[in-house]
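Since the structure comes first, as structure tokens, the remarks are kept for the end.
In listed order, ligands and their atoms are each counted from 1. The structure displayed is predicted, hence computed values, not measured ones.
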Amino acid sequence: MNMPTSDKIMARRSDKGYFGPYGGRYVPEVLRSAIEEIEEAFFEEIADPSFNAELERIRSEFIGRPTPLLYASNASKLLGGADLYIKMEGLAHTGAHKINNAVGQALLAKRMGKRRIIAETGAGQHGVATAAACAKLGIECVVYMGAIDVDRQQPNVATMELFGAKVVPVYSGSKTLKDAINEAFRDWAESFSNTFYLIGSALGPSPYPDMVRVFQSVIGRETKAQLAERGVTPEVLVACVGGGSNAIGFFEPFLDDETPRLVGVEAGGIGQGKGEHASRMTGNGARTGIVHGYKSRFLLDDDGQVAETHSISAGLDYPGIGPELASLGRSGRIEFRRATDTEALEALTFLAKTEGVVFALESAHAASAALSLARSLQPEKAVVVNMSGRGDKDLFITAPLLRPKEWKDFLERELVAMNVSQGAKK
Ligand SMILES: *Cc1c(COP(=O)(O)O)cnc(C)c1O
């Protein structure tokens with residue numbers, strides 16, 4: 001799988017890292033040279049056959065690429081419209097697409113001679129992917145995480161620690177993701193000579209949106225080849241959009257063409273009121289702002305601070321959106337829709353029953369839009385949805401919703417059993 005060239009990367013944005021009105025590099029003066037060093041190394045490495053060969057080997061041996069493209073024959077028949085295909089990205093190691101980017105940036109860091117990687121994580125998925133990549137490549141890993149998120153996301157904290165990462169709880173501010181981001185930048189300002197800051201979505205100061213798109217575009221290149229092999233011309237591609245990394249990676253090889261239609265799906269949450277959703281492109285809650293090092297569309301409160309958001313899926317509740325996606329939404333190349341918590345859950349259960357595949361709650365938002373598109377299109381057309389992650393990680397959210405009583409009884413029995421066995425050890 002060939003990597004995009006630096007010419008192609010530069011053709012997507014301005015010299016200063018803008019995609020239309022969005023993007024840029026809004027960082028403190030001390031970090032300018034650190035970012036310039038990364039940009040230079042990135043362009044050098046992606047043109048280097050030995051970097052690409054090593055990345056390709058890790059992709060096949062460690063991530064498990066290529067991930068399959070599944071023809072959802074049962075679902076397609078029931079829907080009675082277009083054929084539905086599922087890019088099974090959730091079969092990638094650690095359960096989602098995030099590992100593609102984590103491995104790419106970690107390898108870049110290693111070749112730059114950096115001995116330490118820092119990251120921030122909200123729900124913990126990016127932290128898990130980064131910790132796994134660092135373990136594989138033998139790099140020290142420190143993950144900043146809001147103290148409240150640490151409490152809420154114990155399974156992911158345990159996994160990161162199992163991979164040998166140090167998880168640092170952040171007690172400042174609201175003790176959530178935005179405070180973890182501030183803390184990571186603070187660390188980096190003092191440590192950049194030996195430390196690489198690994199950002200997890202297609203956002204942040206330039207050139208992070210480029211790096212993330214390039215490392216995630218393996219999803220779209222594989223999909224394009226897998227469709228061509230079967231002689232399928234897609235009518236529409238659908239992906240969920242948090243920060244936008246799985247969407248931009250899935251769409252990348254198609255961006256310069258007029259077809260297929262590209263549809264991004266945001267979290268519609270529980271309603272259109274303030275704090276009830278995370279829709280930055282649909283609805284009218286978002287404004288242009290400069291947050292976390294880049295300019296884009298953000299959900300902001302009256303004081304210009306990032307607003308509270310809601311989504312059933314932790315990966316879609318980020319208040320901003322990657323600058324390139326915001327720009328492509330504005331130009332109309334990408335259409336945006338939203339799916340509510342309930343619609344996502346319905347799509348998830350439908351595809352589990354018909355196809356034996358459990359979507360991550362994030363990806364289920366894309367599935368919801370894909371199902372309604374497939375229903376409305378003619379049978380000879382094809383709809384392709386990216387299943388960015390698999391749903392195992394969401395059991396603590398889905399089980400209490402789908403089987404509340406049984407799950408509660410189970411947890412209570414587990415607690416009793418744990419207390420008994422700990423008591424016995426004392
Ligand atoms: C983190 C995550 C997302 C959202 O992130 P993007 O950068 O928008 O892709 C989507 N799906 C899954 C499974 C995730 O873990």
| request: Determine, using ring centers only, whether Phe192 and Tyr197 are less than 6.0 Å apart. | output: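 They do not qualify: ring centres at least 6.0 Å apart.
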| query | Any chance the rings of Phe196 and Trp188 have centres within less than 6.0 Å? | reply |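 Between Trp188 and Phe196, which both carry aromatic rings, the centre distance is not below 6.0 Å.
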Indicate yes or no: does [X] engage [Y] in a salt bridge with an N to O separation below 4.0 Å.
X: Glu266; Y: Arg338; answer: no
X: Glu252; Y: Lys224; answer: no
X: Asp210; Y: Arg13; answer: yes

| message | If the condition is side-chain contact (heavy atoms from CB on, under 4.5 Å), which residues does Ala360 pass it with, not counting sequence neighbours? | response |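 Partners of Ala360 by the side-chain contact (heavy atoms from CB on, under 4.5 Å) criterion, ordered by chain and then number, come out as Glu362, Ser363, Lys393, Asp394.
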Which protein N or O atoms sit under 3.5 Å from any N or O of ligand 1? Give each pair with its distance.
unit_1: ligand 1; atom_1: 7 (O); unit_2: Ser201; atom_2: OG; d: 2.5
unit_1: ligand 1; atom_1: 7 (O); unit_2: Gly244; atom_2: N; d: 3.3
unit_1: ligand 1; atom_1: 7 (O); unit_2: Ser245; atom_2: N; d: 2.8
unit_1: ligand 1; atom_1: 7 (O); unit_2: Ser245; atom_2: OG; d: 2.7
unit_1: ligand 1; atom_1: 8 (O); unit_2: Gly242; atom_2: N; d: 2.7
unit_1: ligand 1; atom_1: 8 (O); unit_2: Gly243; atom_2: N; d: 3.2
unit_1: ligand 1; atom_1: 8 (O); unit_2: Gly244; atom_2: N; d: 2.7
unit_1: ligand 1; atom_1: 9 (O); unit_2: His97; atom_2: NE2; d: 2.9
unit_1: ligand 1; atom_1: 9 (O); unit_2: Ser245; atom_2: N; d: 3.4
unit_1: ligand 1; atom_1: 9 (O); unit_2: Ser245; atom_2: OG; d: 3.2
unit_1: ligand 1; atom_1: 9 (O); unit_2: Asn246; atom_2: N; d: 2.9
unit_1: ligand 1; atom_1: 9 (O); unit_2: Asn246; atom_2: ND2; d: 2.8
unit_1: ligand 1; atom_1: 11 (N); unit_2: Ser388; atom_2: OG; d: 2.8
unit_1: ligand 1; atom_1: 15 (O); unit_2: Lys98; atom_2: NZ; d: 2.6

